[in-house]
Amino acid sequence: MSFFGLLLHSVVPTLLLIGSTFAASAAAMDTSPDEPSRRMAIVVGNSDYQSKRLEELANAANDASRLSESLKRLNFDVLTATNVTRDDFDRLLADAEKRLATASSVLIFYAGHGVQIEGQNYLLPVDTPDPESIEKLTGRAVKLNDVIARFASRERQTFVFLDACRNNPMGASGLGSNGLAQVEAGENTFIAFATQPGNVTVDGAGENSPFTAALLKSVEIPGLSISDMMIRVRNETEALTLGRQVPWDQSNLREQFYFTEQQVIDPTQLSASLSRILSDPVAKQKLQVELASNDLQTAVLIVGQTMRSIGSPLAVPASDPPAVAEQRGGTRVASLDGARQSVVSDLGTLIVGTSVEQGAEDSSKELARSVQTELRRLGCYRMAVDGDWGKGSARALNDYYKNTKQVAAANGPSVELLGDLFLRSGRICKAPVIVKKVRQTDVASQEAGGKPASTRTGNTKRRSSPARAPAPPPPDISSGIGIGGIF
């Protein structure tokens with residue numbers, strides 16, 4: 001054996017042992033500092049307050065722990081802390097700030113006491129002293145606007161969720177009021193409040209507060225944008241509190257955000273869930289209700305999560321896509337083909353069969369609407385979901401085929417196409433299909449009998465376009481949207 005061979009023979013087992021030991025130790029940690037996630041979360045839940053003037057919040061720590069588990073499954077690098085003092089708060093924020101260089105987005109969640117004093121919002125650590133004066137109340141408190149300014153950036157999306165809308169411990173002193181004041185949101189920031197302005201939240205009778213319970217129910221649903229997710233959270237919270245709480249949000253995000261962007265759904269598990277749902281009359285009826293307000297895949301996931309007799313699909317990392325069939329001896333290929341055939345059959349029963357009695361036209365329109373909805377979930381369709389298959393729908397379908405590197409199997413809706421869309425996950429089309437519009441300057445020129453600005457005659461050089469009036473400033477969306485109030 002050569003010297004190089006002897007070296008490998010002796011060194012490789014040692015390296016494997018070291019590597020396995022390191023992997024085991026890294027797995028035992030909450031986060032791996034050597035390979036930080038691109039998405040970071042800071043999650044805080046304060047329940048056990050030392051002051052007798054600040055009631056204990058049994059669910060706040062539970063809220064933080066449960067949300068941390070969800071965010072880790074969604075590939076966030078999560079820093080979690082419960083029952084933090086002011087010193088703990090400072091250390092946590094300093095640790096998080098060190099990781100900002102590698103973070104593409106930051107999520108901050110706080111559950112606990114939060115108050116408004118003289119127009120400023122404060123998050124209260126558990127070692128907040130008895131609120132006998134403003135100085136005592138705010139002396140060890142954390143100013144919310146300072147936290148947002150510390151992490152918000154135009155180049156990075158920042159999300160703040162506040163389940164901290166409690167009664168003001170200063171009482172009717174006139175120095176504060178129930179709820180939080182309007183937040184000075186930084187650029188590219190989204191802020192969600194547990195209830196509407198001027199209202200207070202309840203801790204909840206279960207293991208989680210109503211707002212966090214609603215958030216946990218929706219945050220892991222694939223394909224939901226943060227805006228669509230908050231609509232679900234708002235409706236769910238209002239239902240859980242019998243209308244007492246209506247969550248608010250304010251946003252100046254520069255693009256949409258998807259919590260499940262980095263995950264895909266196992267097609268075989270998704271197909272199995274759909275088959276089980278359709279074989280259960282109660283589940284099938286619930287699915288049809290969910291389809292009224294959700295896309296097909298999301299509706300199946302929701303019913304699969306809420307019906308105990310139905311297993312919900314498994315989410316797998318994007319780094320291990322269904323295309324790993326060759327590594328599994330072809331078993332996956334066979335099961336995936338079977339899943340596709342099963343889905344086509346089930347969807348034919350669900351989508352076409354339910355409306356065929358009303359006539360072929362209704363059946364065709366329902367199928368087109370379902371295809372449009374799934375194309376929209378995948379990011380390929382941004383027009384009205386109305387069941388009318390026109391140029392916009394055809395353009396979106398071509399965009400889908402292009403991004404999935406498929407040969408166009410059809411130019412219109414079909415059950416086979418719907419089955420293919422249903423088994424897809426993530427954002428297939430990264431950019432929306434945009435219909436080009438005629439420039440107003442050209443239209444005005446033609447109406448006046450002239451030629452468009454882009455027209456040239458002979459060797460005449462192209463004339464510069466006339467100066468356009470500056471665009472009006474964007475509307476101030478921070479006012480009147482989720483502002484004020486005690487949260």
Side-chain angles (χ1 to χ4, degrees), residues 220-224 258 260-279 283-284 287-288 290-291 294-305 310-328 330-353 366-381 385 393 396-430:
E220 293 188 66
I221 295 178
L224 282 183
Y258 298 84
T260 56
E261 186 76 55
Q262 299 178 10
Q263 289 186 326
V264 295
I265 300 300
D266 188 329
T268 56
Q269 293 290 334
L270 187 62
S271 171
S273 283
L274 176 60
S275 296
R276 293 188 187 118
I277 289 172
L278 295 183
S279 65
K284 181 178 178 181
L287 174 61
Q288 291 172 336
E290 289 291 345
L291 282 175
N294 294 288
D295 58 79
L296 180 58
Q297 190 183 91
T298 299
V300 169
L301 289 169
I302 292 171
V303 177
Q305 290 172 350
I310 303 167
S312 60
L314 301 177
V316 298
S319 57
D320 184 25
V324 296
E326 288 94 359
Q327 300 177 14
R328 305 188 182 182
T331 303
R332 184 90 178 221
V333 173
S335 62
L336 184 56
D337 286 342
R340 293 185 186 282
Q341 295 174 5
S342 175
V343 165
V344 170
S345 176
D346 290 339
L347 293 181
T349 301
L350 178 66
I351 303 299
V352 180
E366 185 62 30
L367 179 59
R369 182 183 291 108
S370 298
V371 170
Q372 288 173 337
T373 303
E374 293 304 295
L375 285 171
R376 186 173 186 174
R377 173 178 61 82
L378 298 172
C380 303
Y381 183 71
V385 176
S393 301
L397 180 57
N398 288 334
D399 196 32
Y400 167 74
Y401 283 134
K402 178 181 177 181
N403 281 277
T404 54
K405 296 180 172 58
Q406 293 187 82
V407 177
N411 58 4
S414 67
V415 178
E416 289 75 14
L417 169 61
L418 183 59
D420 184 49
L421 296 170
F422 173 72
L423 293 176
R424 301 274 181 175
S425 297
R427 308 302 293 175
I428 299 298
C429 306
K430 298 299 182 180

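All values reported here derive from a predicted model rather than from experimental measurement.
Remark: the backbone N or O of Ser271 is paired with a side-chain donor or acceptor of Ser275 at under 3.5 angstrom. A donor-acceptor pair is defined here as one N or O able to donate and one able to accept, closer than 3.5 Å; such a pair exists between the side chain of Arg377 and the backbone of Leu421. Between the side chain of Ser279 and the backbone N or O of Arg276, at least one donor-acceptor pair lies under 3.5 Å. In terms of modelled atom types and a separation under 3.5 Å, the side chain of Gln406 and the main chain of Tyr401 share no donor-acceptor contact. No donor-acceptor pair under 3.5 Å is formed between the side chain of Glu290 and the backbone N or O of Leu301.
Rounded to the nearest 0.5 Å, atoms CG (Leu270) and OG (Ser425) are 6.5 Å apart. Ile302 CD1 to Gln297 CD: the interatomic distance, rounded to the nearest 0.5 Å, is 11.0 Å. Distance CG/Asn398 to CG/Asn403: 11.0 Å, rounded to 0.5 Å.
Residues Leu350 and Leu296 have side chains in contact (heavy-atom distance under 4.5 Å, counting atoms from C-beta outward). Contact of the Thr373 side chain with the Leu291 side chain is not registered, since no non-hydrogen atoms from C-beta on lie closer than 4.5 Å. Under the 4.5 Å side-chain criterion, counting only non-hydrogen atoms from C-beta, Val371 is not in contact with Tyr400. Put simply, the side chain of Leu287 reaches to within 4.5 Å of the side chain of Leu278, judged on heavy atoms. Within the 4.5 Å cutoff, side-chain heavy atoms of Leu417 are placed close to those of Leu397.
In plain terms, the two heavy atoms of Thr298 and Asp295 that are nearest each other are N-OD1, 2.7 Å. Listed here is the closest heavy atom pair of Ile351 and Leu367: CG2-CA, 3.9 Å. Closest approach of Tyr381 and Gln372 over heavy atoms only: OH-NE2, 3.4 Å. Taking all atoms of both residues into account, the shortest heavy-atom contact from Ser273 to Val300 is CB-CG1, 4.2 Å.
Taking the side chain to side chain donor-acceptor pair (under 3.5 Å) definition, one finds that Asn411 meets it with nothing, sequence neighbours left out.
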